[in-house]
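One structure is given below, encoded as structure tokens.
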Amino acid sequence: MTLQDADANDAGFGARIRSAIFWRSGSQIVSQMMSWVVTLAVIRLLDPADYGLFAMTQVILNFATFLNGYGLVSALVQSDRVEPHRLRQAFTIMLLLNGALALLQLAIAPLAADYYDQPIVADLLRVQALLYLSTPFISVPEAIMGRALDFKRPALVNLIAAIASAAVALVGALSGWGVWTLVYAPIAGFWVKAVGYVIATGFKPIPSFDFRGTGAMVAYGASLLGGQLFWIVQSQADIFIGGRMLEPHQLGLYAEALFLTQIFVSKFVPPLNDVAFPAYARMQKDVSRVAWSFCKAVKLLLLLTCPIYLGMAVTAEPLVETLFGQKWLEMAPFVAILALAMPFMTLQVMFAPVSNALGRPGTTARVAAVGAVLMPIAFLIGIRSGAIGLAWAWLIAFPLLTAVTARLAGGPMGLRFIDLVRAAAPGLGCSILMAGVVMAVDRLLPPLSAPLRLCVLVPTGGLAFLAALMLCARGTLMELVALVVRRAPPVQAPA
């Protein structure tokens with residue numbers, strides 16, 4: 001292959017990556033904006049206690065989900081070649097695993113209800129077992145499209161699924177279903193997605209019980225289980241501890257504050273990681289290129305997210321009252337604290353696809369193991385101060401976890417700590433300056449209604465952030481503009 005051919009291949013690969021990001025993240029943004037309109041209406045109709053009860057069930061679901069076989073799908077994406085028979089084998093294994101998980105959840109539902117001292121939790125968990133059965137029909141077609149960096153078709157399916165879920169949520173809230181609204185809406189979304197993915201890929205969900213040759217795939221998937229288990233312990237320890245010691249109302253306030261502040265890191269970063277994993281996998285023979293690409297991704301992503309996080313922190317009170325209503329105003333202190341921890345979480349979760357793509361799932365497991373020890377200890381200490389102590393635990397412990405992650409996961413790709421600091425500096429530094437301006441303006445404002453106060457503070461923050469970028473990080477701003485408004489390269493005359 002000539003140098004010209006290699007450049008052409010790199011250009012084509014880069015174009016596919018940009019297209020994948022556009023469809024994967026773009027569709028996520030559109031579907032989230034649409035569903036959030038419905039979500040805000042639902043939140044105003046339901047009570048914090050409903051969300052507290054729902055959060056209790058999510059601990060069980062998330063803990064069981066780490067066994068749902070998604071590691072097998074990662075093996076399919078990471079491998080050089082995938083035959084149709086291998087897809088059917090993966091589908092069968094996932095069908096068996098998720099069927100077993102559904103039965104397991106039915107068995108432990110009464111035990112969970114006794115632990116939380118909330119009888120309705122058992123009924124909620126029994127119905128939520130339907131979620132597991134949709135997973136095989138989603139994951140294998142997702143792997144097919146992920147290998148091809150085809151995110152247009154799943155983007156359209158995800159949009160349809162989001163519409164279905166939002167419709168069920170709105171009907172349920174208006175019909176007085178209470179906490180059951182939060183149960184039926186995701187079930188509808190998952191099953192619409194399952195059917196849509198199968199149709200979009202033409203995958204025939206026919207089981208194959210011939211498991212010969214699946215050893216490597218199962219081994220790779222099993223190697224990811226440790227990291228996933230540790231991640232579940234880390235991410236669910238707060239609700240598991242708080243659910244036992246707090247009333248559903250207080251737990252609901254904390255859980256929704258966490259949900260609000262994690263919207264971007266949980267809804268928009270995973271789609272980027274979905275694109276990043278196959279992209280990094282193709283670069284795995286050139287670790288310096290991986291490190292350079294990772295730093296550039298950190299710089300641009302924090303440039304987009306940090307002003308949102310810090311903006312949430314300094315406008316928490318009018319933001320909560322405007323979006324959720326007066327009865328949720330007690331949630332504002334939780335939002336103010338948790339939002340400050342989210343830049344660290346955003347950075348931390350970006351490391352996993354790099355380690356997995358480089359064939360080092362053990363690194364992800366070690367990082368998760370640290371989190372599985374550090375975060376529960378922080379929550380056990382924080383809960384002594386009530387629900388607000390759980391929020392402080394996030395802000396104190398997560399920067400430490402991010403530093404450990406950078407040390408463990410950055411080493412294999414030759415990432416220096418100073419490079420990471422330089423990449424994060426423009427977004428985080430300019431956002432801190434913006435937050436200071438917003439706080440100063442807020443103190444000068446006369447008494448205003450929450451929506452009007454927000455209408456003053458949000459544009460102020462936007463202008464302050466743009467001014468800070470122009471003064472302190474103009475080069476980074478130009479990079480972002482070039483990424484969003486990319487011009488076609490000039491056509492060169494043949495030699």
Is the distance between the ring centroids of [X] and [Y] under 6.0 Å?
X      : Y      : result
Trp328 : Phe334 : no
Tyr51  : Phe259 : no
Phe240 : Phe379 : no

Between [X] (side chain) and [Y] (backbone), is there a donor-acceptor pair under 3.5 Å?
X      : Y      : value
Trp191 : Leu130 : yes
Gln348 : Leu401 : no
Ser134 : Leu131 : yes
Ser175 : Gly172 : no
Ser165 : Ala162 : no

State whether a side-chain donor-acceptor pair under 3.5 Å links Thr346 with Tyr309.
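Thr346 vs Tyr309: donor-acceptor pair found between side chains.
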Could you measure the distance from the [atom1] atom of [X] to the [atom2] atom of [Y]? Nearest 0.5 Å is fine.
X      : Y      : atom1 : atom2 : result
Met56  : Leu61  : CE    : CG    : 14.5 Å
Asn98  : Gln105 : CG    : CD    : 11.5 Å
Ile241 : Leu251 : CD1   : CG    : 11.5 Å
Leu303 : Leu428 : CG    : CG    : 11.0 Å
Thr39  : Leu260 : OG1   : CG    : 11.0 Å
Asp419 : Lys299 : CG    : NZ    : 10.5 Å

Does the side chain of [Y] come within less than 4.5 Å of [X]'s, by heavy atoms?
X      : Y      : value
Trp394 : Gln262 : yes
Asn62  : Ser235 : no
Leu258 : Leu390 : no
Val59  : Tyr116 : yes
Thr181 : Val42  : yes
Cys295 : Leu415 : yes
Pro48  : Met331 : no
Leu106 : Leu125 : no

Closest heavy-atom pair and its distance - [X], [Y]:
X      : Y      : answer
Ala339 : Met312 : CB-CB, 3.9 Å
Pro141 : Thr201 : CB-OG1, 3.6 Å
Met375 : Ala397 : SD-CB, 3.6 Å
Ala55  : Ile239 : O-CG2, 3.4 Å
Trp180 : Val127 : CZ3-CG2, 3.6 Å
Gly371 : Pro376 : O-CD, 3.4 Å

Reference residue Phe137; test ring pair (Phe, Tyr, Trp, His ring centres under 6.0 Å); the match among Phe91, Tyr132, Tyr197:
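It is Phe91; the other options fail the test.
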Aromatic Tyr115 / basic Arg244 pairing, under 6.0 angstrom, 45° off normal
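Flagged: Arg244 positioned over aromatic ring of Tyr115.
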If you apply the rule side-chain contact (heavy atoms from CB on, under 4.5 Å), what do you find for Val171 with Tyr184, and how did you get there?
CA-CA 10 Å; Val171 169; Tyr184 292 136; over 6 Å; no
Which of these passes side chain to side chain contact (heavy atoms under 4.5 Å, CB included) with Val179: Asp50, Leu46, Asp47?
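Output: one option passes, namely Asp50.
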Got more than 12 heavy atoms from elsewhere within 6.0 Å of CZ, Arg407?
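No, not enclosed.
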